[in-house]
Amino acid sequence: MRYLILSDMHSNMTALAAVLSAAEGKWDKAVCLGDIAGYGPDPNETIDRIRSLGAIVIRGNHDKASCGVTDAEDFNPVARQAALWTRRQLRPANLEYLATLRPGPMEVEGFSIAHGSPGDEDEYIFTPEQAREALRRASSAITFIGHTHIQGGFALRENNIESLHLKPSAEGASAVLRIEPGAKYLLNPGSVGQPRDGDARAAFVTADLPTQTVEFWRVSYDIGAVQKRMRDAQMPESLVSRLAVGR
Ligand code: ZN
């Protein structure tokens with residue numbers, strides 16, 4: 001089974017369309033690590049498209065805030081503004097869909113998925129030390145996580161933790177990770193709709209687990225078109241401008 005792993009779409013339909021086009025023919029089953037909604041201008045379209053994939057989906061913190069499962073009180077002011085805007089835009093069926101999404105972590109065939117970390121759906125894993133602690137609690141050799149919007153991840157061998165820098169340089173090329181027996185991995189596909197690792201291109205992963213190969217991809221999309229829709233909707237300028245720099 002070849003998996004398409006998507007995370008942090010954040011209501012950016014143009015980026016999601018570019019990812020699905022680039023990934024065409026490369027996967028059999030889609031997996032979504034959460035944050036379908038929040039920040040971007042296209043919440044209904046993005047949810048509709050994810051639903052049409054028949055994907056395995058867990059919720060992210062912005063999905064919870066966008067549908068009212070949580071209030072957005074712990075969000076920074078622009079994130080809160082975007083979550084409340086999203087809540088007003090969502091069709092009732094999509095509000096209901098977000099409200100019924102399951103929390104991670106979740107076991108899929110031979111690997112696990114979580115929005116934040118294997119122990120806590122809302123925890124951020126930025127540093128090797130955080131990753132080492134999280135991997136101690138991980139039940140599977142491979143856990144795919146999102147939440148930080150940073151493509152790459154960490155490998156734990158014995159007690160040695162290593163940061164994995166997996167960022168494809170060229171369009172249409174992937175950075176390939178071969179899974180080693182005995183090692184444990186936290187792998188982040190990066191964000192489809194709001195990358196924060198300094199590369200503005202949309203990010204995703206394909207995983208062919210029978211061959212123990214995980215490929216990290218980046219694809220360009222029309223950022224200006226998304227920014228225009230955000231400005232038309234009077235969304236906060238800091239959310240608009242960050243898309244162009246991938247921060
Ligand atoms: Zn996110």
Side-chain angles (χ1 to χ4, degrees), residues 5-16 19 30-43 45-47 49-50 55-87 89-90 94 97-99 101-106 113-118 120-126 130 134 143-153 186-205 216 218 221 223 226 230 235-236 238-243 245-247:
I5 317 280
L6 306 175
S7 193
D8 298 280
M9 287 53 58
H10 283 296
S11 300
N12 184 336
M13 188 56 219
T14 308
L16 178 58
V19 161
V31 175
C32 172
L33 309 180
D35 279 4
I36 305 171
Y39 290 137
D42 319 308
E45 296 82 351
T46 305
I47 294 169
R49 195 73 185 89
I50 291 291
I56 298 165
V57 183
I58 55 174
R59 68 189 187 184
N61 52 322
H62 285 262
D63 301 320
K64 289 189 284 184
S66 295
C67 70
V69 164
T70 54
D71 59 37
E73 290 306 312
D74 58 336
F75 279 29
N76 67 53
V78 290
R80 187 183 315 129
Q81 192 179 333
L84 298 177
W85 180 87
T86 302
R87 208 181 288 178
Q89 306 301 314
L90 285 174
N94 282 338
Y97 173 75
L98 291 186
L101 285 177
R102 284 177 289 174
M106 183 191 292
I113 58 175
H115 184 64
S117 89
D120 180 348
E121 62 176 338
D122 294 329
E123 181 187 16
Y124 289 93
I125 304 290
F126 284 112
Q130 292 167 333
T143 304
F144 289 101
I145 58 170
H147 202 32
T148 62
H149 302 202
I150 296 171
Q151 191 176 49
L186 280 180
L187 300 176
N188 192 322
S191 170
V192 171
Q194 196 205 74
R196 294 179 193 162
D197 51 11
D199 183 340
R201 295 176 298 172
F204 67 100
V205 148
F216 294 75
R218 295 309 272 253
Y221 70 96
I223 294 171
V226 181
M230 293 176 79
M235 302 185 83
S238 61
L239 295 180
V240 179
S241 55
R242 73 187 306 174
L243 288 182
V245 289
R247 290 284 180 199

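Each ligand, and each atom within it, is numbered from 1 in the order the structure gives. Quick caveat, the model's predicted, so the values are computed rather than measured.
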Would you check if the side chain of D8 reaches a backbone N or O of H147 as a donor-acceptor pair within less than 3.5 Å? yes
Could you walk me through whether I36 and V57 satisfy the side chain to side chain contact (heavy atoms under 4.5 Å, CB included) test, starting with their C-alpha distance in whole Å, then the side-chain angles of each, then the deciding distance to 0.1 Å, before giving a yes or no? CA-CA 9 Å; I36 305 171; V57 183; 4.0 Å; yes
For residues 67-82, pull every pair meeting side-chain hydrogen bond (donor to acceptor under 3.5 Å, both in side chains), keeping only residues two or more places apart or in separate chains. none
Say you draw a straight line from OH of Y39 to CG of L243; how long is it, rounded to the nearest 0.5 Å? 11.0 Å
Below 4.0 angstrom, N of the basic side chain to O of the carboxylate: do R218 and D197 qualify? yes
Under 3.5 Å donor-acceptor, D63 side chain and D35 backbone: yes
Return the set of protein N, O or S atoms whose distance to the Zn ion (ligand 1) is under 2.8 Å, each given as residue and atom. D8 OD1, H10 NE2, D35 OD2, H149 NE2
